[in-house]
Participant: 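My structure is below; once you've seen it, I'll send some questions.
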Amino acid sequence: MTLKETAGEITSSYQHESTTVNPYRRNKITIKYTVLYYKYYLNEKRFFGERYSNLLISPNYKIESYPNVLVYYCPLFPQYSVLFKGNVIYTFYNFLPILMLIIILFILTKKYDLKTTKTKKESSEKDEEIDDNIEPIDMEGIFIGEVKSGEKPMRFLDVLNPSSEIVIESLFRSEQIPYMIKHSWTKTRNRKYRIFYILERDYKDALFLMEEYVKNKDNDERNDITIHKYPS
């Protein structure tokens, strides 16, 4: 679309033959093509070219006024030129394969995305089934059973913040530390807090766990958790 035309002249032409073997029919195919060399002048400067077209699909070129021809050159790079710059029909012919390739890639991408989504969904459903089949461990039931067996219980934590209670329960479960929770009220009876009881045998492990947990909290959150420490 941006090429401009100027007068040129054919300087020489050569006909070449290329022979290939058809792998299906096992016969030889000979392709003949002509290479044209031409020259043109721009601002009294001479340029040479041999490019027929910049399109992949183009018609057979016929020189009607040999050796004079029209040369199409690029204004920014005058050394770049062609003898056939294309028209609407051949532009469409060249764009059609690209369009088909884009459509094929789009379809393949969609199929891959659907397959990936389906695989992730199936994997997620399997994980949910596994999670549903796993029953949570009743740590309070274990605590009561151990106390009945002779283990000594001890008051370990007072927790004011409900969110901290949830995290501490999760930590105790992950470390297999049996516990029991009782609820009580502060002296002003305006705040409810939770009392964590653990077994005496688990005291050192629970103390280390809670000291590491409280270490990363700010002052307000630390004040909501009271650790009852006992002499070793």
Side-chain angles (χ1 to χ4, degrees), residues 1-136 166-167 170 174:
M1 297 296 294
T2 59
L3 297 181
K4 293 188 176 182
E5 65 179 47
T6 186
E9 181 182 343
I10 299 293
T11 57
S12 59
S13 63
Y14 298 94
Q15 191 172 43
H16 295 269
E17 291 185 358
S18 177
T19 303
T20 59
V21 178
N22 189 328
Y24 300 102
R25 296 183 179 181
R26 295 183 180 179
N27 59 336
K28 292 183 179 181
I29 301 174
T30 300
I31 300 174
K32 296 181 180 181
Y33 60 96
T34 303
V35 178
L36 299 174
Y37 296 92
Y38 55 88
K39 64 180 179 180
Y40 56 100
Y41 293 87
L42 295 173
N43 298 326
E44 299 182 353
K45 185 176 180 180
R46 185 173 58 179
F47 294 91
F48 294 94
E50 59 179 275
R51 187 180 291 105
Y52 165 58
S53 175
N54 55 6
L55 300 176
L56 295 175
I57 303 174
S58 57
N60 293 325
Y61 187 72
K62 295 180 180 180
I63 306 174
E64 298 178 354
S65 56
Y66 184 89
N68 298 320
V69 290
L70 280 177
V71 176
Y72 300 92
Y73 68 94
C74 176
L76 294 177
F77 305 98
Q79 66 273 18
Y80 176 84
S81 61
V82 294
L83 296 179
F84 178 77
K85 71 171 184 176
N87 52 32
V88 175
I89 295 176
Y90 278 95
T91 300
F92 173 76
Y93 289 162
N94 281 267
F95 179 72
L96 188 60
I98 299 174
L99 179 62
M100 293 177 64
L101 178 61
I102 292 173
I103 293 173
I104 292 171
L105 290 176
F106 177 78
I107 294 172
L108 292 176
T109 303
K110 280 294 182 182
K111 285 186 177 180
Y112 175 79
D113 290 341
L114 290 173
K115 185 177 180 181
T116 304
T117 304
K118 183 179 179 181
T119 303
K120 288 182 179 179
K121 184 177 180 181
E122 291 176 351
S123 176
S124 177
E125 290 175 351
K126 289 181 180 178
D127 291 341
E128 289 178 359
E129 290 177 1
I130 293 173
D131 292 338
D132 292 338
N133 293 330
I134 297 176
E135 296 182 359
I166 296 172
V167 175
S170 177
S174 64

Participant: So which heavy atom on Val69 is nearest to which on Glu9, and how close?
Facilitator: CG2-N, 4.0 Å
Participant: Measure from the side-chain N and O atoms of Tyr38 to the backbone N and O of Arg51, and report whether any donor-acceptor pair falls under 3.5 Å.
Facilitator: yes
Participant: Any idea which heavy atoms bring Phe47 and Gln79 closest together, and the distance?
Facilitator: CD2-CA, 3.9 Å
Participant: Can you name the closest pair of heavy atoms from Tyr40 and Gly8 and give their distance?
Facilitator: CB-CA, 4.1 Å
Participant: Using every non-hydrogen atom in the two residues, find where Gly49 and Ser81 come nearest and quote the distance to one decimal.
Facilitator: CA-OG, 4.4 Å
Participant: Just wondering, do Val71 and Leu83 contact through their side chains at under 4.5 Å, heavy atoms?
Facilitator: yes
Participant: Which heavy atom of Tyr72 sits nearest a heavy atom of Phe84, and at what distance?
Facilitator: CD1-N, 4.4 Å
Participant: Are Cys74 and Leu3 packed together at the side-chain level, in the sense that at least one heavy-atom pair is separated by less than 4.5 angstrom?
Facilitator: yes
Participant: Considering only distance and modelled atom types, tabulate donor-acceptor pairs under 3.5 Å from the side chains of residues 95-112, sequence neighbours left out.
Facilitator:
residue	atom	partner	partner atom	Å
Thr109	OG1	Leu105	O	2.7

Participant: Using only atom types and a distance under 3.5 Å, with no angle test, would you say the side chain of Ser12 pairs donor to acceptor with the backbone of Tyr37?
Facilitator: no
